[in-house]
Amino acid sequence: MKVLVTGGAGFIGSNFCYYMLEKYPDYQLVCLDKLTYAGNLSTLSRALKNKRFTFEKGDIADKKFVDGLFTRHKFDYVINFAAESHVDRSIENPQVFLVTNIIGTQVLMDACRANGNIRFHQVSTDEVYGDLPLDRPDLLFTEQTPIHTSSPYSSSKAGADLLVQAYHRTFNLPVTISRCSNNYGPYHFPEKLIPLMISRALANQSLPVYGDGKNVRDWLYVDDHCSAVDLIVHQGTVGEVYNVGGHNEMTNLDIVKLILAQLNKPESLITFVSDRKGHDLRYAIDPSKIHAQLGWLPKIKFKDGIKMTIEWYLNNKKWWQEIISGAYKNYYDTMYKNK
Ligand code: NAD
Ligand code: DAU
């Protein structure tokens, strides 16, 4: 089997590449990544030593490049992790979100159609459902919850989801979609809440909590997301959407306090700053469909996952310190200048 993983130099895509290389010793993986600010080739350094792994630098929205890639490789599955993924950046500059997240998805699906109707999986997000009220803990997102987005990021992901479903109905492309809650774990880019707070707390810098810190996110360890995508791609029903989450809702403030406690740092580092525009109040996934149909359950409990994650950031300071310093941007040039 040959699998195209897009966005594999990012947080979840890289964890997925490692997961697949280990789980399927006979699979070939091709990783397509544009290496935007969020893509980091050093994240894939172990994979790059594996003969079953190939890295291709390119843009999913570049039709000529993508068509050429599909001519050079015969893929059995295409799994699309590539995206502009940060809500705050989408508020500053929406356009690149529309190009990558919507046009990029269309270009990939057209290539799947043109090359024998290749099975296509879209990695989507719970943010397409909008948010839930804080005072209704009984409400959860199901696959039937209407799409109702808040940010340019979530709107672009919702647009892509609608397009994926349209390609199934109109062209009979064999597609699946997963909508997962917030992930955490190794290689999480240090602009996102958990790694940002770990790296800033270690440097004794202030920890910027938006608004009153009472917004709720539903956290899942990244390997559990990888196992869900793997199951959906191999055993999921074509045309279907699967929600992925582990019933682990926490306020942002509780997360930040927990990180401070684990690092033995004072809560006085917490600084309340102005709120994110359009800030979603609460996300909460109902994962009963993927459990009932595919038998998926998360393996990592939050109390263990967060310890493992903090440990990882303590043991891999070079990785995130180079990102913060900008040095990683030179990594690709150094690695590939003579190739
Ligand atoms: P990330 O920002 O860490 O990584 C995105 C990767 O995509 C980077 O390597 C980047 O270089 C690459 N990329 C961006 N634009 C590209 C383009 N035009 N062509 C090729 N590559 C491009 O993101 P992540 O957090 O790993 O998220 C991966 C996917 O999972 C996204 O689709 C996101 O919407 C979805 N998702 C993320 C979470 C989460 O908590 N992080 C939760 C649910 C769903
Ligand atoms: O729910 C899935 C989504 O989770 C994914 O689709 C997105 O790609 C991913 O980035 C993530 O989105 P969030 O906006 O939930 O994640 P972020 O880490 O940016 O923020 C988490 C919460 O923490 C949110 O309520 C905003 C808050 N926050 C964030 C930052 C960066 C702060 O209070 N301070 C901060 O500095």
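The residues of the chain are indexed from 1 along the displayed sequence. Note that the coordinates shown come from a computational prediction; the quantities given were computed from them, not determined experimentally. Ligands are counted one by one from 1 in listed order, and the atoms in each one are counted from 1 as well.
- Closest to atom 4 (O) of ligand 1, if we only count protein heavy atoms, is Gly10 CA, 3.4 Å.
- Contacts with ligand 1 closer than 4.0 Å are made by no heavy atom of Arg179, backbone or side chain.
- Using bins of under 30°, 30° to 60° and over 60° for the plane-to-plane angle, the ring pair Phe75/Phe70 lands in the perpendicular bin.
- Residue contacts with ligand 1 include Ser124, since one or more of its heavy atoms lies under 4.0 Å from the ligand.
- When non-hydrogen atoms are compared, ligand 1 lies under 4.0 Å from the backbone of Leu35 (N, CA, C, O) but not from its side chain.
- Across the listed options Phe65, Tyr153, Phe81, Tyr153 owns the non-hydrogen atom lying nearest to atom 34 (O) of ligand 1.
- For ligand 2, the polar-atom distance check against Ser85 finds a nitrogen or oxygen pair separated by under 3.5 Å.
- The heavy atom nearest to atom 16 (O) of ligand 2, out of those in Asn252, Leu193, Asn182, is found in Asn182.
- Residue contacts with ligand 1 for Phe189 are absent, since no atom lies close enough (heavy atoms, distance under 4.0 Å).
- Between Pro208 and ligand 2, a contact under 3.5 Å exists for at least one N or O pair.
- Evaluated by nearest non-hydrogen atom to atom 17 (P) of ligand 2, the leading choice among Arg276, Arg217, Glu191 is Arg276.
- At least one N or O atom of Tyr153 sits closer than 3.5 Å to an N or O atom of ligand 2.
- For ligand 2, the polar-atom distance check against Ser181 finds no nitrogen or oxygen pair separated by under 3.5 Å.
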